[in-house]
Amino acid sequence: MTFKWVYHQLLSAYGQQHWWPGDSPFEIMAGAILTQNTAWPNVEKAITNLKQQQALNPQTILHTSQTKLAEWIRPSGYFNIKAERLKHYCDWYITQGEYPVLRQWHTEKLRDALLSVKGIGPETADDILLYAFERPVFVIDAYTRRIFSRLGLVNDIEKYEELRHLFESALKHEDDKTALLNEFHALIVWHGKQHCKNKPSCEGCVLRQECDF
DNA sequence: ACCCAGGGTCATA
DNA sequence: TATGACCATGGG
């Protein structure tokens with residue numbers, strides 16, 4: 001049982017996921033913040049509102065009052081906090097020179113910079129690195145911890161960075177590693193949702209041992 | 001009515 | 001370092 005085996009099981013079972021849903025790098029970045037501890041359909045409503053307001057760009061978000069911004073993103077939950085986080089992120093993003101500048105940074109430097117923005121934690125930073133900047137990093141989320149600890153491939157108690165390096169080094173010889181890590185995380189999220197839906201019997205679970213019993 | 005979702009920050013021990 | 005409280009909507 002290996003990481004790659006799990007990947008192929010999920011891919012053959014569910015097919016390509018075509019992540020991240022979004023038309024531009026900035027939409028992906030905003031979505032990564034809005035989806036923190038939130039179901040994606042709620043995020044879609046918030047993004048739709050931002051598009052209707054022509055506000056899905058860093059300049060408009062930065063110059064819109066936090067109160068108004070919070071009202072637009074209300075469906076995504078935690079709207080006061082997320083409005084503040086979006087504005088902090090846009091302030092940093094514009095200051096650094098936006099995508100044309102940031103895309104030239106080395107991955108480690110870009111990660112450190114992202115993590116320095118208030119409201120951007122490890123998972124959100126890696127979402128942005130992988131799906132907006134197409135860097136070969138892996139995103140560790142609650143599904144990943146739960147599924148792979150049940151499979152006996154990782155320890156749930158390990159820290160975020162330890163788990164991330166474990167996945168990345170296990171798959172480092174794959175060609176087009178970015179595309180693989182992109183697909184892998186998306187598949188894990190999809191599988192996690194399916195599994196929750198099938199609890200507790202979990203019949204037809206392609207990973208078998210991942211069932212709850 | 002209850003549980004949780006594609007997390008992160010901050011205060012406390 | 002490591003817990004706990006807090007943030008808040010919407011779907012099951």
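In what follows, chains carry the letters A, B, and so on, assigned in the order in which the sequence lines appear, proteins first and then strands, with residues in each chain numbered from 1. No experiment lies behind these values; they were computed from the predicted model shown.
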Heavy atoms only, 4.0 Å cut-off, all strands: where does A:Lys82 land among base, sugar-phosphate and nothing? nothing
Name the nucleic acid region contacted by A:Asn80, choosing base, sugar-phosphate or nothing; use a 4.0 angstrom heavy-atom cut-off, strictly under.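 Sugar-phosphate contact only - A:Asn80 comes under 4.0 Å of backbone atoms but never of a base.
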In this structure, how many angstroms lie between the P atom of B:dA5 and the CG atom of A:Leu34, rounded? 18 Å
Letter by letter from the 5' end, nucleotides 7-13 of chain B scores (B base, S sugar-phosphate only, - none; protein heavy atoms under 4.0 Å) BSSS---
In this structure, is the centre-to-centre distance between the rings of A:Tyr99 and A:Phe133 below 6.0 Å? yes
Is the cationic atom of A:Lys109 (NZ for Lys, CZ for Arg) positioned less than 6.0 Å from the six-membered ring centroid of A:Trp105 and within 45 degrees of its normal? yes
Which stems, defined as runs of 3 or more consecutive Watson-Crick or G-U wobble pairs with both pairing distances under 3.5 Å, involve DNA chain C?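 DNA chain C stems, ordered by first number: B:2-5 with C:9-12, B:7-13 with C:1-7.
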Examine C:dA8: is either OP1 or OP2 under 4.0 Å from a nitrogen or oxygen in the side chain of A:Lys45? Give yes or no.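 Looking at the OP1 and OP2 atoms of C:dA8, neither is under 4.0 Å from any side-chain N or O of A:Lys45.
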Using the P atom on both, measure C:dG12 against B:dG6 and round to a whole Å.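 That atom pair is separated by 13 Å.
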Using atom P of each nucleotide, how far apart are B:dC10 and C:dA8 to the nearest Å?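 Straight-line distance between the two P atoms is 14 Å.
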List the atom of A:Ala170, the atom of A:Phe3, and the distance in Å for their closest heavy-atom pair.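 Residues A:Ala170 and A:Phe3, closest heavy atoms: CB-CD1, 3.5 Å.
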Which nucleotide in B:dG6, C:dA8, C:dA2 has an atom nearest any side-chain atom of A:Phe79: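 Closest nucleotide among those given: C:dA8.
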